[in-house]
Amino acid sequence: MSGDFFTEVPGRIGYGGPESSDPLSYAVYQPDREVLGKRMEDQLRVAVCLWHSFNWPGSDVFGVGTFDRPWLTAGQDAATASRAKLDAAFEFIDKLGVPFFTFHDRDVAPEGRTYSETRANLNASVSQIEGHMARTGARLLWGTANLFGHPRYAAGAATNPDPDVFAYAAAQVKTMLEVTHRLGGANYVLWGGREGYETLLNTDLSREEAQFARFLALVAEHKERIGFKGTLLIEPKPQEPTKHQYDYDAATVVGFLQRHDLADEYRLNLEVNHATLAGHSFHHEVASALALGAFGSVDVNRGDYQNGWDTDQFPNSVDELSLGLHEILSAGGVTAGGFNFDAKLRRQSISRTDLFHAHIGGIDTLARALLAAADMVEHQTLAAPRSERYADWSKELGAAILSGAVTLADLERRVAAGEIDPRPRSGQQELLEGSVNRRIWAVDASRERETKRAGR
Ligand code: XUL
Ligand code: CO
């Protein structure tokens with residue numbers, strides 16, 4: 001297997017099973033294992049993101065980079081550095097054995113002195129990416145444009161008070177949408193990093209909303225024009241970097257899209273840590289997006305429950321992911337979307353191999369959650385009690401109310417006549433919590449049996 005950056009990992013990470021003592025093997029993730037009629041790899045469509053892992057040196061607001069990322073050292077020739085970065089990134093993706101990757105324009109090519117130079121830098125990197133894709137079989141889950149890093153975007157991109165900035169952002173997205181199309185991307189993501197405000201004292205909310213809607217309409221038009229068949233995704237996040245971001249959460253984004261007649265054009269890319277920042281659970285955001293017909297894809301990671309910011313840690317809670325995955329599987333699973341590891345190492349995790357440990361642990365957590373979720377779908381653990389709970393809405397009274405066949409006066413008449421006399425019923429929360437845990441434990445037990453049978 002080619003590559004000389006991650007030399008401590010000689011080949012592709014394989015399945016070792018839960019009893020394996022080799023940390024450079026998967027305990028759960030088995031691409032070919034069948035889960036609800038699909039290969040595990042196709043249920044999860046795992047992606048590695050190029051920004052946290054290859055384009056971030058491990059700096060924070062208090063300190064400089066700590067990681068061993070030679071291509072990020074200052075003073076090098078930009079094209080050579082970019083090539084080294086892509087070589088290492090695709091060596092990693094290939095060795096990890098996952099099907100997808102994701103990137104921003106600026107992750108793979110630096111900003112030049114002029115827009116044309118920037119675009120030429122990007123095109124050169126994209127040609128190299130094509131070569132890596134052909135060689136390794138890696139595919140693009142989504143591309144996106146970085147509309148938040150450069151100082152020109154400090155007051156927003158589409159929502160900037162200066163139309164010149166809107167135009168610049170439009171040019172950047174046009175190029176990156178075309179790049180995503182050229183690379184056969186399954187989706188294109190828009191995260192409104194600075195589409196929000198720092199203070200209402202200088203902000204005209206209605207103007208910024210109109211600008212943002214115009215921008216999204218232009219993007220959808222261009223998608224049609226170039227014949228890109230992937231899904232356009234908006235990634236909700238409530239704050240950080242700005243004090244308040246317009247794409248606050250799933251429900252806010254869908255309301256915005258509906259107000260501007262854009263709901264058919266866009267779906268959502270939900271991120272676990274963004275859900276918690278919005279005061280929701282990941283389960284809530286997934287269930288809301290599905291109920292609103294807007295679910296698209298997932299940025300999988302986790303937050304820290306003591307911190308109020310986006311820590312973007314690798315996921316390690318099966319419980320947290322199982323419930324969200326259960327909703328997704330119940331609705332038929334991901335289609336064009338997938339699970340993108342928008343997660344980053346802690347600053348002290350400085351060995352090259354730490355990047356493998358982080359992804360292997362995260363992917364195993366996700367795979368384990370998938371098995372638990374599939375088991376709940378098969379056993380109708382939540383589907384059966386849910387449909388039982390609403391069963392009366394299919395009977396005479398419920399159906400008449402929903403079809404509009406009765407008025408308030410009709411209902412009052414029947415209540416007054418004593419014909420309708422509701423009796424409270426149990427919501428059974430603790431019973432259901434126990435049922436979910438039983439399924440999670442049952443998956444553990446059956447895996448233990450399998451391991452014993454395999455003689456491991
Ligand atoms: C920021 C974030 C982004 C988007 C892509 O919190 O999640 O990395 O996923 O721009
Ligand atoms: Co994200």
Side-chain angles (χ1 to χ4, degrees), residues 1-13 23-24 46-98 100-111 121 125 128-129 132 136 138 144 146 148-150 191 193 240-241 271-273 299-304 307 309-316 340-365:
M1 183 158 290
S2 77
D4 53 11
F5 187 72
F6 296 102
T7 45
E8 285 173 26
V9 181
R12 178 157 299 163
I13 304 295
L24 290 170
V46 168
V48 166
C49 84
L50 296 200
W51 50 100
H52 291 315
S53 299
F54 297 94
N55 205 38
W56 173 57
S59 53
D60 68 10
V61 284
F62 296 98
V64 298
T66 55
F67 297 154
D68 178 15
R69 304 281 184 267
W71 49 86
L72 297 179
T73 314
Q76 307 178 53
D77 166 58
T80 313
S82 235
R83 184 180 292 275
K85 185 198 295 179
L86 288 175
D87 287 350
F90 282 91
E91 179 189 345
F92 180 75
I93 294 163
D94 200 18
K95 287 182 172 173
L96 197 62
V98 299
F100 288 102
F101 67 100
T102 55
F103 72 107
H104 302 81
D105 46 4
R106 289 296 78 77
D107 299 333
V108 301
E111 185 114 8
N121 289 345
S125 294
Q128 288 164 35
I129 292 175
H132 286 297
T136 62
T144 188
N146 180 327
F148 43 88
H150 193 279
W191 169 56
E240 200 205 0
E271 180 162 322
V272 181
N273 202 170
D299 270 9
V300 65
N301 58 17
R302 79 177 201 271
D304 179 310
N307 286 344
W309 68 88
D310 201 12
T311 61
D312 278 340
Q313 286 165 255
F314 281 81
N316 72 351
N340 171 49
F341 278 78
D342 190 354
K344 62 186 191 224
L345 293 170
R346 300 304 91 191
R347 275 182 91 235
Q348 296 175 59
S349 304
I350 57 174
S351 103
R352 293 180 184 181
T353 313
D354 284 326
L355 205 51
F356 279 91
H357 296 312
H359 282 84
I360 291 168
I363 291 168
D364 271 339
T365 302

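In what follows, every heavy atom counts, from backbone to side chain, and hydrogens, waters and symmetry copies are set aside. For this chain, numbers begin at 1 and follow the sequence in order.
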* Asked: Got a second to check how far Trp191's CH2 is from Thr144's OG1, nearest 0.5 Å?
  -> 9.5 Å

* **Residue pairs, two or more places apart or on separate chains, that pass side-chain hydrogen bond (donor to acceptor under 3.5 Å, both in side chains) and touch residues 55-67** => Asn55-Lys85

* Can you find a heavy atom in the side chain of Phe341 that is under 4.5 Å from one in the side chain of Val48? -> no

* Asked: So, the side chain of Asp354 versus the backbone of Ser351: is there a donor-acceptor pair under 3.5 Å, distance only?
  -> yes

* Can the ring centroids of His104 and Phe148 be said to lie less than 6.0 angstrom from one another? -> yes

* Asked: Which atom names give the shortest non-hydrogen contact between Leu50 and Ala89, and what distance separates them?
  -> CD2-CB, 3.9 Å

* Structure fact -> By side-chain contact (heavy atoms from CB on, under 4.5 Å), Ser82 pairs with (sequence neighbours left out) Pro110, Ser125

* Ring center gap for Phe101 and Phe90 short of 6.0 angstrom -> yes

* Asked: Looking at CG of Leu355 and CD1 of Ile350, how far apart are the two atoms once the value is rounded to the nearest 0.5 Å?
  -> 13.5 Å

* side-chain contact (heavy atoms from CB on, under 4.5 Å) partners of Asp304, counting only residues at least two apart -> Gln306, Asn307, Thr311, Gln313

* Asked: Is a donor on one side and an acceptor on the other found under 3.5 Å between the side chain of Arg346 and the backbone of Lys344?
  -> yes

* To do: Could you tell me which residues satisfy side-chain hydrogen bond (donor to acceptor under 3.5 Å, both in side chains) with Trp51, sequence neighbours excluded, listed by chain and number?
  => Asp342

* To do: Could you tell me which residues satisfy salt bridge (charged side-chain N to carboxylate O under 4.0 Å, His left out) with Arg302, sequence neighbours excluded, listed by chain and number?
  => none

* Asked: Going by the salt bridge (Lys or Arg N to Asp or Glu O under 4.0 Å) test, which pairs reach into residues 46-58, not counting sequence neighbours?
  -> none

* Give a yes or no answer on whether the side chain of Arg83 reaches the backbone of Leu86 with a donor-acceptor pair at less than 3.5 Å. => no

* Compare all side-chain heavy atoms of Asp107 with those of Phe54 and state whether any distance is below 4.5 angstrom. => no

* Asked: Excluding sequence neighbours, so at least two apart, what forms side-chain hydrogen bond (donor to acceptor under 3.5 Å, both in side chains) with His150?
  -> Arg152

* Residues forming a side-chain contact (heavy atoms from CB on, under 4.5 Å) with Asp310, sequence neighbours excluded -> Lys237, Glu240, Glu271, Asn273, His274, Leu277, Asp312

* Structure fact -> Applying side-chain contact (heavy atoms from CB on, under 4.5 Å) to Pro23 and not counting sequence neighbours gives His357

* Structure fact -> Applying side-chain hydrogen bond (donor to acceptor under 3.5 Å, both in side chains) to Gln348 and not counting sequence neighbours gives none

* Asked: If you measure from CD1 on Ile360 to CZ on Phe314, what distance do you get to the nearest 0.5 Å?
  -> 11.0 Å

* Structure fact -> Heavy-atom nearest pair, Pro70 first then Phe5, reads CD-CE1, 3.6 Å

* With sequence neighbours excluded, give me every salt bridge (Lys or Arg N to Asp or Glu O under 4.0 Å) pair touching residues 64-80. => Asp68-Arg352

* Test item: Lys95 side-chain N/O and Phe6 main-chain N/O as donor-acceptor pair under 3.5 Å -> yes

* Asked: Between Glu91 and Asp4, what is the shortest heavy-atom contact and its length?
  -> OE1-N, 3.2 Å

* To do: Answer whether the closest heavy-atom distance between the side chains of Trp71 and Asp87 falls below 4.5 Å.
  => no

* Any side-chain heavy-atom pair from Ile363 and Leu96 closer than 4.5 angstrom? -> yes

* **Check: Asn146 main-chain N/O paired with Asp105 side-chain donor or acceptor under 3.5 Å** => yes

* Structure fact -> Residues Ile93 and Ala138: closest non-hydrogen pair is CG2-CB, 4.1 Å

* To do: For Thr353, check side-chain hydrogen bond (donor to acceptor under 3.5 Å, both in side chains) against everything at least two apart and list the hits.
  => Glu8

* Asked: Any side-chain heavy atom of Ile129 within less than 4.5 Å of one from Val108?
  -> yes

